[in-house]
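Remarks on the structure that follows.
Protein chains get the first letters and strands the later ones, always in sequence-line order, with residue 1 at the start of each. Just the heavy atoms: all of them, side chains too, but no hydrogens, waters or symmetry mates, feed the values below.
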Protein chains: 4
Amino acid sequence: MRSVIQPDSQKRRPTFIEEARRRQIVQTAIRTIATRGFSQASLAEIARKAGISKGVISYHFDGKEALVEEILASLLREPADFVKARVDRENRPLAQLRAYVEANFEFMRTHRDHYVALVDLWGRRPDAASGGNRFDADAYEPSRHYLARILESGIEQGEIRDVPLRTTASLIQAAIDGVMLQWVLDEDALDLDAAISEVTDMITGHVRPFNSEAAS
Amino acid sequence: MRSVIQPDSQKRRPTFIEEARRRQIVQTAIRTIATRGFSQASLAEIARKAGISKGVISYHFDGKEALVEEILASLLREPADFVKARVDRENRPLAQLRAYVEANFEFMRTHRDHYVALVDLWGRRPDAASGGNRFDADAYEPSRHYLARILESGIEQGEIRDVPLRTTASLIQAAIDGVMLQWVLDEDALDLDAAISEVTDMITGHVRPFNSEAAS
Amino acid sequence: MRSVIQPDSQKRRPTFIEEARRRQIVQTAIRTIATRGFSQASLAEIARKAGISKGVISYHFDGKEALVEEILASLLREPADFVKARVDRENRPLAQLRAYVEANFEFMRTHRDHYVALVDLWGRRPDAASGGNRFDADAYEPSRHYLARILESGIEQGEIRDVPLRTTASLIQAAIDGVMLQWVLDEDALDLDAAISEVTDMITGHVRPFNSEAAS
Amino acid sequence: MRSVIQPDSQKRRPTFIEEARRRQIVQTAIRTIATRGFSQASLAEIARKAGISKGVISYHFDGKEALVEEILASLLREPADFVKARVDRENRPLAQLRAYVEANFEFMRTHRDHYVALVDLWGRRPDAASGGNRFDADAYEPSRHYLARILESGIEQGEIRDVPLRTTASLIQAAIDGVMLQWVLDEDALDLDAAISEVTDMITGHVRPFNSEAAS
DNA sequence: AATGAATGAGGTTTCATTCAT
DNA sequence: CATGAATGAAACCTCATTCAT
């Protein structure tokens with residue numbers, strides 16, 4: 001359907017102003033989903049909140065499905081970038097692991113909206129017309145892979161005992177997400193600081209070599 | 001919309017056949033949400049799958065919101081009942097804790113549909129007209145409380161070290177939910193058996209008294 | 001997409017009342033197209049003219065495209081049935097041919113709306129999603145075939161000279177349609193009675209055997 | 001909308017380059033209508049096909065309605081000019097009549113796009129705001145008049161029998177249009193060469209004086 | 001002259017809900 | 001109890017048109 005004139009399969013270089021609009025719309029949409037819920041986040045409502053007309057969204061996004069995909073991409077990419085920067089500050093794998101966990105929670109605390117929206121978007125299946133992409137299915141793969149590599153070098157350096165890489169990576173991410181979920185569903189039901197400290201202890205305790213004496 | 005004035009009496013005792021219909025509708029709705037997603041689970045679609053007419057649903061439920069609430073109640077109650085029965089078989093707190101974790105995963109494996117639906121429903125906020133119930137917010141409180149009591153007796157009996165009750169309870173539930181989430185989003189991305197074993201180890205390891213020699 | 005439960009590929013036997021509604025909607029739609037033009041014949045306008053709500057049309061027809069197809073079918077079937085009945089009264093092929101032409105014009109005169117709508121619908125291409133049916137392409141085939149059979153028996157019986165069947169059939173239909181078109185575009189630009197008589201003469205004269213003395 | 005007060009002077013003589021742009025837009029629009037149908041021929045699509053921006057069309061045409069009018073004028077004028085040139089080569093009315101018919105078909109064959117677009121535009125009524133012009137209604141008047149004059153001189157010169165002028169003119173045009181219609185709706189359903197020859201025979205046969213012996 | 005971002009009206013469609021049968 | 005035709009609000013989307021650059 002889309003005629004691609006340029007060889008590079010890039011449909012068009014987006015203008016600076018266009019990119020700004022797209023970001024604005026995505027951010028407003030996230031805020032709207034977080035505030036009123038996805039079911040109430042109609043294009044009209046998003047446009048109203050952004051102070052623009054409905055048509056602008058349709059102009060910049062190829063339908064609501066495309067907007068949602070960009071929202072999801074944003075919700076996954078932003079914390080990932082933040083976490084990666086934090087992890088890169090550390091040299092030793094165990095410190096990186098701890099940084100990974102703590103950075104996740106740090107980002108959470110300053111971006112609760114993002115996670116409220118994310119939980120509302122979890123499990124959403126794209127419309128049939130979209131061709132059944134596996135976006136959601138692949139959402140966690142990068143995290144698992146990234147964690148697995150940290151664990152791997154930790155094992156090589158003897159800081160981490162010989163855990164199964166992928167499973168342990170899944171587990172670490174799972175603990176983070178599970179805490180986040182409870183915090184998102186009810187901000188007051190959970191002492192986030194205590195949970196962070198406890199999760200970090202549990203994880204580092206779990207991967208620490210048996211003969212290690214120094215508890216964190 | 002919901003009359004909460006009379007505690008139980010006035011609203012007519014539900015017929016047996018009526019209860020059966022309600023259960024049938026709820027189960028079909030769960031299957032529909034799991035299969036096609038909540039956004040495609042219109043009353044018409046649910047009725048079609050159940051082999052009944054749309055009107056029946058409206059007759060038995062006071063609007064779609066009421067149906068969704070019953071679905072959520074069902075999705076939370078059924079695993080809770082199953083888990084409680086498993087826990088009750090055990091006498092000692094540590095064994096109960098282990099039973100809690102394992103029963104959760106056992107129920108998951110045989111009821112994947114329920115969890116696919118649950119993840120799709122997570123974070124959903126009820127329509128404004130419904131009066132802003134805190135259903136989701138309270139969803140995890142029973143689990144946390146139940147776990148906290150197990151931990152508490154474990155501490156009293158010396159099987160479990162002196163962990164913060166609520167935070168640790170949150171943590172245990174979090175690990176379970178986080179693994180479940182990844183498994184729901186992509187059945188093949190996770191070795192569920194390995195994850196179960198690893199989660200159980202991590203949790204029991206985390207709560208075990210420091211001088212305890214017996215690793216699980 | 002459509003699940004066909006019953007073996008006979010019939011999706012459901014339409015109720016009498018449902019058929020009545022469908023006919024009402026189709027007739028109203030034709031009148032609307034004839035009066036205001038297809039571009040103004042929105043579902044809202046059709047519903048307004050029919051005194052029903054927009055939703056009723058969507059309820060009975062699977063989208064506007066399906067309504068248009070039924071309209072086209074109706075616009076082609078009704079005159080065809082009428083003409084066939086007139087032709088069947090005659091025994092001899094030449095008389096049948098004359099009846100064919102005259103019945104076409106007789107139906108036209110009493111159903112100008114139908115033809116105004118038809119001309120507006122001519123050349124319309126279905127939406128891409130519809131799968132590119134060749135409805136329009138096949139619209140004239142039945143007429144050509146029907147005429148060709150009349151010509152064929154006329155040739156066998158010596159009433160009609162040895163004309164090429166399909167081409168002559170196309171020609172006869174073409175003359176009828178061409179006159180109709182001018183009459184539809186401007187009712188007053190054409191003396192329809194004179195045109196009917198002249199067309200009939202031209203056609204019968206064209207197919208009459210060379211030695212035939214009797215002019216019509 | 002259209003100011004018809006000043007006959008020609010006031011509205012600024014169109015630049016050469018401006019005229020070229022208008023022609024380009026009209027031709028692209030015709031191609032677009034022929035290819036995708038009028039309903040898909042949005043200004044955006046036409047502009048895309050022409051390699052220009054939407055604004056250019058609005059700049060050169062006073063709205064889409066004005067563009068359509070120019071398209072229709074073009075679709076009627078071009079074949080008329082072509083046919084007139086062919087007819088002018090002949091001296092005798094009967095030969096002119098034959099040239100008229102044959103030139104029409106010759107132009108058709110080399111400009112199928114034009115006729116596909118024309119059939120899609122037939123019967124279209126202008127938007128209410130435009131003031132209800134009778135463009136379509138008058139579309140055939142020039143042809144009828146032109147043909148009538150040929151017939152008239154043929155009658156005067158004894159080459160053509162005393163047929164009713166306007167009605168016969170209508171009839172001739174009708175046969176041409178009717179054949180064209182079937183060919184437009186399905187290119188393969190009709191042997192155009194055979195149809196041309198048969199139409200020419202029918203028409204010349206119809207207008208030939210009774211005592212004329214020489215059939216074409 | 002030309003661009004393309006923005007508008008806003010209007011179209012089709014979906015869907016929870018109602019109600020006569 | 002059940003049906004399914006009907007409603008009407010609201011959603012997404014398209015598109016002609018405008019206008020600052």
Side-chain angles (χ1 to χ4, degrees), chain A residues 12 15 17-18 20-22 39-47 50-67 127 129, chain B residues 15 17-18 21 39-48 51-68 127 129, chain C residues 12 15 17-18 20-22 39-47 50-67 127 129, chain D residues 15 17-18 21 39-48 51-68 127 129:
Chain A
R12 192 168 47 79
T15 318
I17 192 169
E18 176 167 349
R21 262 275 188 261
R22 287 175 66 95
S39 71
Q40 303 302 315
S42 64
L43 295 188
E45 179 62 19
I46 295 168
I52 57 180
S53 89
K54 262 184 312 177
V56 183
I57 302 178
S58 292
Y59 182 80
H60 287 284
F61 292 91
D62 209 29
K64 192 181 194 186
E65 194 62 35
L67 172 58
D127 287 344
Chain B
T15 319
I17 195 169
E18 179 167 342
R21 262 273 191 263
S39 72
Q40 303 301 314
S42 64
L43 293 190
E45 178 64 18
I46 294 168
R48 206 185 57 73
I52 58 180
S53 88
K54 264 182 309 178
V56 182
I57 301 179
S58 293
Y59 182 83
H60 287 284
F61 293 91
D62 205 29
K64 194 181 191 186
E65 195 60 36
L67 172 58
V68 171
D127 289 342
Chain C
R12 191 170 47 81
T15 318
I17 194 169
E18 177 167 350
R21 260 277 187 261
R22 287 175 66 96
S39 73
Q40 302 302 315
S42 65
L43 293 188
E45 177 63 18
I46 295 168
I52 57 180
S53 90
K54 262 185 309 179
V56 182
I57 302 179
S58 292
Y59 181 80
H60 287 284
F61 292 91
D62 209 29
K64 193 181 193 186
E65 194 63 34
L67 172 58
D127 287 343
Chain D
T15 318
I17 194 169
E18 180 168 342
R21 263 272 190 261
S39 71
Q40 303 301 315
S42 64
L43 293 189
E45 178 63 18
I46 295 168
R48 207 186 55 75
I52 58 180
S53 88
K54 264 182 310 178
V56 182
I57 301 180
S58 293
Y59 182 82
H60 287 286
F61 293 92
D62 202 29
K64 194 181 192 186
E65 195 60 37
L67 171 58
V68 171
D127 288 343

Tell me which of Val56(A) and Ile17(D) sits closer to the 5' end of DNA chain E, going by the nucleotide each one is nearest to.
->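 Checking each residue's closest nucleotide, the 5'-ward one belongs to Ile17(D).
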
Could you tell me how far apart [X] ([atom1]) and [N] ([atom2]) are, to the nearest whole angstrom?
X        : N       : atom1 : atom2 : result
Ile46(C) : dT13(E) : CD1   : P     : 11 Å
Ile52(A) : dT7(E)  : CD1   : P     : 7 Å
His60(C) : dG4(F)  : NE2   : C1'   : 10 Å
Arg21(A) : dG4(E)  : CZ    : P     : 17 Å
Arg22(A) : dA6(E)  : CZ    : P     : 12 Å
Ile57(B) : dC1(F)  : CD1   : C1'   : 15 Å

With sequence neighbours excluded, what pairs up with Ala44(A) under the side chain to side chain contact (heavy atoms under 4.5 Å, CB included) test?
->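 Ala44(A) satisfies side chain to side chain contact (heavy atoms under 4.5 Å, CB included) with Ser42(A), Lys54(A) once adjacent residues are dropped.
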
Over all atoms of both residues, closest heavy-atom pair of Ala47(B) and Ser53(B) |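 Distance-wise, the nearest heavy atoms are CB-C, 3.8 Å.
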
Represent DNA chain F in dot-bracket notation, 5' to 3'. Only Watson-Crick or G-U wobble pairs with both distances under 3.5 Å count; pseudoknot-style crossings use [ ] and interstrand partners use |.
-> .||||||||||||||||||||

Whole-Å P distance, dT21(F) and dA1(E) =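 Their P atoms lie roughly 22 Å apart.
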
At what distance, to the nearest 0.5 angstrom, does [atom1] of [X] lie from [atom2] of [Y]?
X        : Y        : atom1 : atom2 : value
Ile52(A) : Tyr59(A) : CD1   : OH    : 13.0 Å
Ser58(D) : Lys64(D) : OG    : NZ    : 11.0 Å
Leu43(A) : Ile57(A) : CG    : CD1   : 5.0 Å

So which one's nearest nucleotide on DNA chain F is more toward 5', Gly51(B) or Ser53(C)?
->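 So the residue in question is Gly51(B).
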
Using a 4.0 Å heavy-atom cut-off, write out nucleotides 14-21 of chain E from 5' to 3' as B (base contacted by protein), S (sugar-phosphate only) or - (no contact).
-> BSSBB---

Look at Glu18(C) together with Arg21(C) and state whether they make a salt bridge at an N to O cut-off of under 4.0 Å.
->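 Looking at Glu18(C) and Arg21(C), the cut-off is not met.
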
